[in-house]
Structure formats: C-alpha cells, structure tokens
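Accompanying notes for the structure given below.
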Amino acid sequence: MSNLKVYNSYSRQKEEFFPLTPQHVGMYVCGPTVSGESHLGHARGFITFDVIYRYLLYLGYKVRYVRNITDAGHFEEEGRAAEDKISKKAVIEKMEPMELVQKYTNLFHWAMHQFNNLDPSIEPTATGHIVEQIEMIKQIIAAEYAYVVNGSVYFDVKKYAAKYPYGKLSGRKLDELLETTRDLESQEEKRNRQDFALWKVAPPGHIMRWTSPWGEGFPGWHIECSAMSTKYLGTEFDIHGGGMDLMFPHHESEIAQSTICNHHVPARYWLHNNMITINGKKMGKSYNNVIRLTDMFTGNSPLLTQAYHPMTIRFFILQTHYRSTLDFGNEALQAAEKGLKRLWDAYLELGKMTSDPLKEINPQLETQFNSLCLEFDDFMNDDFNTARVLANMFNLVNHINSFRSGDLEKTTLSPETLSYVKKQFKNYLEDVMGLKDENGQDSGRLQGIMDLLIDIRKEARSKKDYLTSDLIRNQLLEIGILLKDEKDGRVSFTLE
RNA sequence: GGUUCCGUGGCCGAGCGGCUAGGCAGAGCUCUGCAAAAGCUUCUACAGCAGUUCGAAUCUGCUCGGAACCUCCA
C-alpha cells in the first residue's frame with residue numbers, strides 16, 4: 001500500500017506525510033465566525049477536513065483535531081469603519097453579544113451533525129483565550145516585531161520580512177504588497193500599510209472589550225488562531241487547514257506571529273480547500289449569492305428548485321477533489337441525489353450478498369472487484385482523492401446489481417473477495433467519507449406495516465386484482481414510499 | 001494594475017504524456033400485468049492556434065474566455 005501524500009500549499013507540491021510524533025497527528029482548522037449562519041461554502045471546508053480527519057483516524061493515527069469558534073468578532077481591520085461585526089449585529093437583533101454567539105454556535109453544531117461531521121477533539125473559543133492572545137502579543141512586542149500606537153498594537157511586517165520569508169505561503173512579495181495594498185482609513189497609525197493589527201483599541205460604546213496592557217480593546221484578526229493552536233497543539237504541529245481564501249492575509253500572518261513567538265512556522269503541512277462557486281463566482285457575502293445551510297435543507301431559496309438532504313450535499317462535495325472549485329447547480333445536486341441513492345442501494349445489496357458455494361466463481365470478476373477496492377487506498381493516499389474512490393465504487397455498482405438480477409446471477413464471489421469488498425465499502429463509504437443512510441434506521445414498526453401491505457398486495461396480484469394492487473402502490477407513492485417488484489419475487493420499498 | 005489558477009461531451013466533474021474515469025440527463029433493448037428499479041447496448045469531450053514528441057486533454061508558446069487573492073471571507 002502506498003503512503004499518504006498531501007498537497008502542501010506551503011511548498012506548492014505533494015509531499016509524503018510524516019507526523020512529528022509517530023502515530024500522532026495534530027491538526028488545526030480555522031472554524032466559523034459565529035456572527036451569522038453558515039452557508040454551503042463553509043460546509044465544503046468543514047466536510048473536507050472531516051474526511052481528512054476520518055482518514056487519518058482510519059490510518060490508525062491518534063489525532064487531535066482542533067477547530068476554533070471565532071466568537072470575539074473580527075474587526076473590519078485596517079480602520080474600515082472599525083466596528084465589531086458581532087456586537088453590531090447584536091444591537092440589530094436586540095440580543096446580548098454572547099447570546100447571539102450562542103445561537104449561531106448552536107446552529108453551526110446542528111448543521112455539522114446533519115452532515116455527519118465528527119466533532120473536533122477541542123473546539124476553543126476566541127473569547128475564552130483572550131489571556132493567551134495578550135501573552136502572545138506581549139512576546140511579539142518584547143521581540144520588537146510589534147509596536148503600540150494609541151492603545152492599538154501592530155505587527156511590523158516590514159521588519160519581519162527583512163529576516164523571514166513573508167509571503168511564502170500565499171506567493172506574495174512585500175514590494176508588490178506595498179504597491180497594491182489599498183488605501184484605507186486610519187493607516188496613519190501604522191508604520192507601514194501592510195502591517196496588521198494584533199490588538200485594537202475599543203472605541204467608546206464598543207460592546208465587546210477586554211482590558212489589556214495597552215488599554216481596553218479587542219484582539220486583532222489573526223492572533224486567536226496562533227494562540228489557540230500553540231496552546232493545544234504546541235509550537236509546531238502537523239496540519240493546518242482552512243479555505244484557500246484564508247491563505248492571505250490570515251495564514252500568512254499566523255506564520256509571522258508564530259515565527260516570532262515560537263521560532264517555527266507553526267504547521268508543517270498547510271492544506272487548503274477550494275471554493276464553491278455559483279455561476280462561476282465564489283459563494284460569499286460580497287457577491288450576495290450565498291445559500292445558507294438551513295435553506296439548503298428546506299429548499300427555501302430562489303436559487304434552489306428543491307430541498308437537498310445533507311447527505312446529498314456531502315456526496316456532491318466528495319465527488320470533486322477538494323482543491324478544485326465546485327460549481328453549484330440544481331442539476332448537479334439532483335444528479336448527486338440520484339447517484340448517491342443508486343450507490344447506497346447497491347451498498348445495501350452488497351451487505352446482503354453471500355458467497356454461494358454451489359455457484360461458479362468468475363476469476364475475471366474476482367480480479368476486478370479486488371483491484372478496484374484495493375485502489376481505494378491509493379486514491380485516498382493521493383491527496384484524498386474521494387472522487388476516484390467513488391468512481392471505482394460506481395464501477396462495482398453494476399456488477400453488484402448484476403449478481404441480483406442480471407447476467408451474473410449464476411456466478412458468485414469467493415468468500416475472501418466478498419468479505420474484502422464489504423470491508424472496503426464499509427470503511428470508505430461510511431467511516432472515511434462519512435456517508436450514512438438518508439432514511440436513517442427504519443423502525444421495526446414501519447417494517448411491520450410495510451410487510452402487511454406488501455402481503456395484501458401480493459394476494460391481490462395473485463388474483464390479478466390489479467385495481468387493488470395498484471391502489472396500494474399508488475397510495476404509498478403519494479406519501480413517499482416507493483414499491484419495487486424485484487425479479488426474484490421479493491418486494492422492496494424505499495422512502496423518497 | 002500585481003500575483004496565482006482554471007477552461008473536459010446537455011449538466012457536475014476525475015484524469016495531468018500512450019489505458020473506457022464516474023455520476024446525472026438522452027436513445028434503444030431485456031425483464032415486467034402495468035410501473036418502478038435493475039441489467040445490457042449506445043450517443044455526444046478535452047477553448048483556439050502553433051510547437052515538442054513515435055505518441056498530448058495531459059508538456060511549451062501565443063490567442064481568446066473565466067475565476068481567486070491583493071478588503072471581512074470556508
């Protein structure tokens with residue numbers, strides 16, 4: 001079996017993955033800002049890193065997965081109407097800031113569970129780590145890479161860049177930044193326009209504020225992630241994840257802060273997921289094209305022609321490589337919905353398959369099943385290529401169905417192959433990709449009722465009383481239960 | 001303007017030097033009381049131009065088109 005290779009944004013190439021401590025992985029992923037509802041784009045990142053987390057677990061690593069909650073409110077940095085996003089909205093909604101934060105945190109957790117994302121090992125909040133952030137800022141000041149102006153603290157990027165490779169992650173050069181950084185308000189406080197805030201003085205009336213050595217204020221945009229990742233994963237850890245749009249300036253700044261405090265680039269592997277686009281444009285507030293997760297699940301959006309199940313969305317996302325953009329469209333989502341259903345039905349069928357000693361084993365199929373399933377490992381090891389794993393699974397769907405009612409009826413798989421295939425499907429479909437039955441577990445009661453109805457209908461059919469049999473089937477369809485007369489005489493049903 | 005990336009069949013997307021990707025949709029057939037499901041067969045591709053190569057969707061150059069970042073952003 002091949003070894004895991006990941007694309008490292010920092011080196012811009014695929015690298016073999018070696019954790020700092022054998023058998024252990026430390027992973028930090030930038031979490032949500034809980035000043036509003038998450039949208040489809042956010043979901044992609046969290047699902048991506050959930051699969052990465054799951055795969056690392058599958059490989060046998062003990063993983064500490066840290067994903068923060070940004071509840072302190074980032075500020076329209078660089079002086080742009082210096083208002084705290086969270087406290088501003090709190091006034092509008094007439095809520096306490098922490099009440100608002102709680103509401104959206106709960107909603108976020110709910111959505112993550114809908115997607116079957118595993119909970120991170122630690123989910124630290126920014127407000128809970130003000131002390132650590134202040135400590136870190138002190139260190140940076142002591143090292144003389146930050147300066148205090150009127151109660152605010154700024155990181156001296158120019159000085160940093162003279163000694164360290166600032167811009168390496170995002171592929172930027174300081175000179176270019178100097179020329180292209182926009183002219184924004186209250187630049188005059190800073191020595192150089194590309195300096196970023198570590199601490200901002202709180203204007204009067206600003207609700208979220210904390211005392212600090214520099215006066216009352218609030219932390220800057222990037223320091224929370226540096227402080228919390230250091231606290232829970234150490235000065236150097238394995239994986240840092242987030243969306244590509246966070247590379248600059250967020251991750252670049254994290255690197256600068258940690259380099260000064262801890263003398264390391266904080267993470268060895270930087271992984272970035274690409275964006276979800278809609279009509280080719282990134283989904284985001286500024287484009288006014290977001291589809292909130294709650295809307296996805298209910299279909300309540302002019303951009304949606306129907307509601308989509310969380311598993312459909314998850315599957316839709318996993319059909320693409322995480323570093324490619326994914327274009328949203330109803331047609332594409334509907335395709336995912338149908339595809340997943342077919343895949344899942346075949347998976348259930350696979351679970352029922354047994355190796356029949358009376359039937360002939362087809363050596364060609366044996367090879368095919370084995371090699372296609374073996375490739376799951378290689379594909380995932382190749383920078384988490386879930387799209388190819390799914391493609392291989394679909395290649396087997398036809399065969400699995402053929403064993404039931406097609407021209408493979410008279411053949412069988414060897415017990416070894418069958419159990420291997422079942423194991424691989426279970427491992428990858430459920431454990432690694434985190435897909436689960438949309439319908440949940442059918443209750444025994446439903447099964448009982450269905451058995452009864454199916455029996456009545458069978459009786460009617462045997463008497464050629466198609467009026468009754470069709471009535472049952474049609475009425476069931478009305479309430480979303482689809483009956484299927486299988487070739488072998490069985491009758492199965494699926495919930496729409 | 002700077003930096004980076006992308007352009008694959010009706011739609012979404014893998015692939016990144018030689019091999020059918022895959023899903024959905026379309027067409028035909030099989031099965032079936034009729035459906036549905038399923039199976040089989042089948043139709044549409046690699047933006048354009050020029051080069052490198054025995055061989056290119058995959059490498060190089062140019063042209064056209066699109067995007068991301070440089071502002072808060074998954």
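Below, chains carry the letters A, B, ... as their sequence lines are ordered, and counting in each starts from 1.
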Using the side-chain heavy atoms of [X], tell me which of these nucleotides is nearest: [options].
X         : options                   : value
Lys282(A) : rC12(B), rG22(B), rC69(B) : rC69(B)
Arg457(A) : rC24(B), rG33(B), rA21(B) : rG33(B)
Gln319(A) : rG33(B), rG22(B), rA74(B) : rG22(B)
His39(A)  : rC70(B), rG23(B), rA74(B) : rA74(B)
Asp485(A) : rA14(B), rA35(B), rC69(B) : rA35(B)
Lys281(A) : rA38(B), rA68(B), rA14(B) : rA68(B)
Asp327(A) : rC70(B), rA38(B), rC12(B) : rC12(B)
Asn401(A) : rA36(B), rG33(B), rG39(B) : rG39(B)
Asp470(A) : rC69(B), rC34(B), rG22(B) : rC34(B)
Asn398(A) : rA74(B), rC40(B), rG15(B) : rC40(B)

Under 4.0 angstrom, heavy atoms only, what part of the nucleic acid is [X] near: base, sugar-phosphate, or nothing?
X         : value
Arg342(A) : sugar-phosphate
Gly41(A)  : base
Thr48(A)  : nothing
Tyr466(A) : base
Tyr287(A) : sugar-phosphate
Lys338(A) : sugar-phosphate

- Message: Is it true that Asn274(A) and Ser324(A) share a donor-acceptor pair across their side chains at a distance under 3.5 Å?
- Response: no
Mind checking whether [X] and [Y] have ring centres under 6.0 Å apart?
X         : Y         : answer
Phe316(A) : Tyr308(A) : no
Phe315(A) : Trp344(A) : no
Phe297(A) : Phe115(A) : yes

- Message: Looking at Glu16(A), I'd like to know if its CD atom is crowded, meaning that more than 12 non-hydrogen atoms belonging to other residues, nucleotides or ligands lie closer than 6.0 Å.
- Response: yes
- In Watson-Crick or G-U wobble terms, with both distances under 3.5 Å, the base opposite rA25(B) is none
